[in-house]
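In what follows, a structure is listed as structure tokens, so that the remarks can point back to it.
Throughout, a chain's letter reflects where its sequence line sits, starting with A, and its residues are numbered from 1. Keep in mind that what you see is a predicted model, and the values were worked out from it rather than measured.
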There are 2 protein chains.
Amino acid sequence: MSNLEQNCIDAGLKMTAPRRVILQVLGQAGDHPSVDDVYARAKEIDSSMSIATVYRTLSLFDEMGFVTRHEFQEGRSRYEVSSDHHHHLVDLETGKVIEFKDEEIEKLKTKIARDLGYDLVECRLELYGRKIKTDG
Amino acid sequence: MSNLEQNCIDAGLKMTAPRRVILQVLGQAGDHPSVDDVYARAKEIDSSMSIATVYRTLSLFDEMGFVTRHEFQEGRSRYEVSSDHHHHLVDLETGKVIEFKDEEIEKLKTKIARDLGYDLVECRLELYGRKIKTDG
DNA sequence: ATACCTGCAAATGGTTTGCGAAGTT
DNA sequence: AACTTCGCAAACCATTTGCAGGTAT
């Protein structure tokens, strides 16, 4: 049984067929799929899958912390299986999302918030860039 | 004539009554108003103002670079008159938006993008926090 | 048995747009 | 006069939700 599935059981969620399918899709996803992406992939496994269920399940998993919802600047949500804290760089040409971590940034943002009189609760850091051409 | 108004004229935009009202509202706004905020304030000056015009005008001004559109994590857009590059801290309790600048962050994000093989084109950095209570 | 889930279709809510009328240069 | 821009109402689109039937525990 997958890690994600165990999480669901531990959380007291009922393990239904649609959920298992969505968990499988998420477990196999190496990217940051949109709701439609998840829906399309799930539908290949079980063609009776409903988009409402995908929306509901992803929202639920997000609340539970199993997945993280992102709203990059493109007008729809993308999800990823939750993992260590990191940020994202979005390739403006391909839409590809690259993850990165940086200790200095972490310290800096906490300090900035504190200097402004705030406890940092959450943070959104997204870089948008174009691949540097290495003279081809 | 306001700076913003001059910008519009220079850009070849027609100076209509609704636009003048919206410019006035933007010029007086010290905050980061939503479309509805701008609409409400504009309507106080000219009750015939249409929300469609507010949407169209703000989008236009955004494209022109006169204002900057933000989508904080609350499901609607907020606008601010464009100014020096800065980032935002959102007060989770009040929704108030605080601006800040930080040279170190600027350097760091450019470096991070470069290290990943990208030219940094754009960036979104938003901190969400709760005010530190100073023992009242 | 009884919560909880699901699929469907309809509703939502912010935003955009077609159209004919009105305004700007 | 020529071209924009406006206001209205309808359209859009991602997302949410009410409901009636189905399912895991």
**Q.** Shortest non-hydrogen separation from A:Val90 to A:Gly95 and the atoms involved
**A.** CG1-O, 4.2 Å

(Q) Which heavy atom of A:Ser82 sits nearest to which heavy atom of A:Gly65, and what is that distance? (A) OG-O, 2.9 Å

Can you figure out which of [options] approaches the side chain of [X] most closely?
X	options	result
B:Thr57	D:dC6, D:dT25, C:dT25	D:dC6
B:Lys14	D:dT15, C:dT25, D:dA24	C:dT25
B:Met15	C:dT15, D:dC8, C:dT25	C:dT25
A:Thr16	D:dG7, C:dT6, D:dT15	C:dT6

Could you tell me the separation between the [atom1] atom of [X] and the [atom2] atom of [N], rounded to a whole number of Å?
X	N	atom1	atom2	answer
B:Asp37	C:dG14	CG	C1'	14 Å
B:Lys43	D:dG7	NZ	C1'	11 Å
A:Glu74	D:dC13	CD	P	16 Å

Q: From the options A:Arg78, A:Glu126, A:Glu80, select the one residue that forms a side-chain hydrogen bond (donor to acceptor under 3.5 Å, both in side chains) with A:His88.
A: A:Glu80

Q: State whether the side chain of A:Arg19 and the backbone N or O of A:Lys14 hold a donor-acceptor pair below 3.5 Å, judged by distance alone.
A: yes

Would you please confirm or rule out a distance under 4.0 Å between OP1 or OP2 of [N] and any side-chain N or O of [X]?
X	N	answer
A:Ser59	D:dT15	no
A:Ser77	D:dA14	no
B:Tyr55	C:dT15	yes

Q: Classify the side chain of B:Arg56 versus the base of C:dG18 as yes if they form a donor-acceptor pair under 3.5 Å and no if they do not.
A: yes

Q.
Using a 4.0 Å heavy-atom cut-off, does A:Arg19 contact any base of the nucleic acid, only the sugar-phosphate backbone, or nothing at all?
A. sugar-phosphate

